[in-house]
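Inspection log for the structure reproduced underneath, given as C-alpha cells.
Quick note: residue numbers are just sequence positions, from 1.
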Amino acid sequence: MHRSKGSLVRARHGYGLIALAAAVATLSGCTGNRSDVDPPSPQPTTTTAESSSLNLPQRPKDLAIAGKQDADICTWLTSEQKKALKVGSGRPVIKDGNNYNGCDFAGEDGPALYGIAFRVVPEGIEDFLKKVVDPSAETAATYDIQGFGAVQGQIPGAESLGCAVYVDAAEGQTLYVDMALDAPGTMNNQQMCEKAKQAADAAVTTLQSQS
C-alpha cells in the first residue's frame, strides 16, 4: 500500500532510528540516532597510503567533501539517482549528540520503508573505523567504488536494521553512507547492503562531476 511522504518521515524517525540507537548503545556504547551513530564496519585503514591495513586502492583523487554543510550534502543525489534509489528529497540529518553533517533521504520500495543518509566524517577511514563495531561476518566486505576504497558492514545482532558503507573519499575525510530499514523484514541483509552500495556509488558519481 502506498504511503505518503508524511508517513515516510514519521517511520524514518520512529521505529528504525529508535531501535537502532538502542542496539548501538547496547553493542558499542555509542549514542545518537540510527544515522547519528558510528555503525558497523571493519578494521582500521585509512586514505591513500594509510589504506594498507584494509588493502584499499589508492584514491584516484580527493573528493571535495571536507567542511560540506547539510544543504550541500543534500545535492549529492540527482533526480535520476533519487528515482533509481526510490527516495524523495533530502533533509538535514537529525543532530543529537556526537554527529556529523549530513543529509537524509526517505525511501519506499514496495513494502520496504527506509532512509539513506550521507554523512561527512572529518577523519581518515582507518581512524574512523577504529571507533565502530566489528562488522557482521555475513555481509562484511571491502571493495572499490569507481576507484575509491570502500568498507561495508552491519552491526552484529542488529543486521535487520540496516547496512552502512564507508568510502575513503579524501585525505582525512570519510564519506559515511547509512541505509536504515524502518520496516524490518521487508528487505534481507544483501538487499540492504546493495542499496547502501548503490547510494554510495551515486554520491561518488555526483561528487566527481562537481570537482
Do [X] and [Y] have side chains that approach each other closer than 4.5 Å (heavy atoms only, starting at C-beta)?
| X | Y | answer |
| --- | --- | --- |
| Ile145 | Val167 | yes |
| Leu175 | Tyr166 | no |
| Phe118 | Ile116 | yes |
| Asp168 | Thr174 | no |
| Lys86 | Tyr114 | yes |
| Thr186 | Leu113 | no |

Spacing of [X] atom [atom1] and [Y] atom [atom2] [to the nearest 0.5 Å]:
| X | Y | atom1 | atom2 | result |
| --- | --- | --- | --- | --- |
| Leu63 | Lys68 | CG | NZ | 11.0 Å |
| Ile65 | Ile73 | CD1 | CD1 | 8.0 Å |
| Gln191 | Thr139 | CD | OG1 | 13.0 Å |
| Gln152 | Met179 | CD | CE | 12.0 Å |
| Asp104 | Ser89 | CG | OG | 12.0 Å |
| Asn101 | Gln69 | CG | CD | 4.5 Å |

Quiz question: by atom type and distance under 3.5 Å, do the side chains of [X] and [Y] form a donor-acceptor pair?
| X | Y | value |
| --- | --- | --- |
| Gln81 | Thr206 | yes |
| Gln190 | Glu138 | yes |
| Gln146 | Thr205 | yes |

(message) For Gln208 and Lys61: C-alpha separation, side-chain torsions, deciding distance, then whether side-chain contact (heavy atoms from CB on, under 4.5 Å) applies.
(response) CA-CA 9 Å; Gln208 292 205 86; Lys61 62 180 179 179; 3.5 Å; yes

(request) Using the side-chain contact (heavy atoms from CB on, under 4.5 Å) rule, take Glu159 and Met192 through it: C-alpha gap first, then chi angles, then the decisive distance, then the call. (result) CA-CA 9 Å; Glu159 292 90 343; Met192 289 187 286; 5.7 Å; no

(request) Answer with yes or no after comparing the ring centroid distance for Tyr176 and Tyr100 against a 6.0 Å cut-off, counting only values under it. (result) no

How close do [X] and [Y] get, counting heavy atoms only, and between which atoms?
| X | Y | result |
| --- | --- | --- |
| Ser160 | Asn189 | N-OD1, 4.3 Å |
| Asp70 | Cys103 | O-CB, 4.2 Å |
| Gly153 | Pro135 | CA-CB, 3.9 Å |
| Cys74 | Arg91 | SG-N, 3.7 Å |
| Pro111 | Ala183 | O-CB, 3.9 Å |
| Gly162 | Gln154 | O-NE2, 2.9 Å |

(request) Go through Ile155 and Leu161 one step at a time and tell me if the side-chain contact (heavy atoms from CB on, under 4.5 Å) criterion holds. (result) CA-CA 9 Å; Ile155 296 176; Leu161 298 178; over 6 Å; no

(message) Looking at Asp109 and Lys195, is there a salt bridge between them, counting it only when a charged N and a carboxylate O are closer than 4.0 Å?
(response) yes

(message) Quick check with a 6.0 Å cut-off and a 45 degree axis cone: is Lys82 positioned over the face of Phe105's six-membered ring?
(response) no

(message) As a quick check of understanding, evaluate side-chain contact (heavy atoms from CB on, under 4.5 Å) for Val87 and Leu77, giving each step before the final call.
(response) CA-CA 10 Å; Val87 298; Leu77 288 182; 4.1 Å; yes

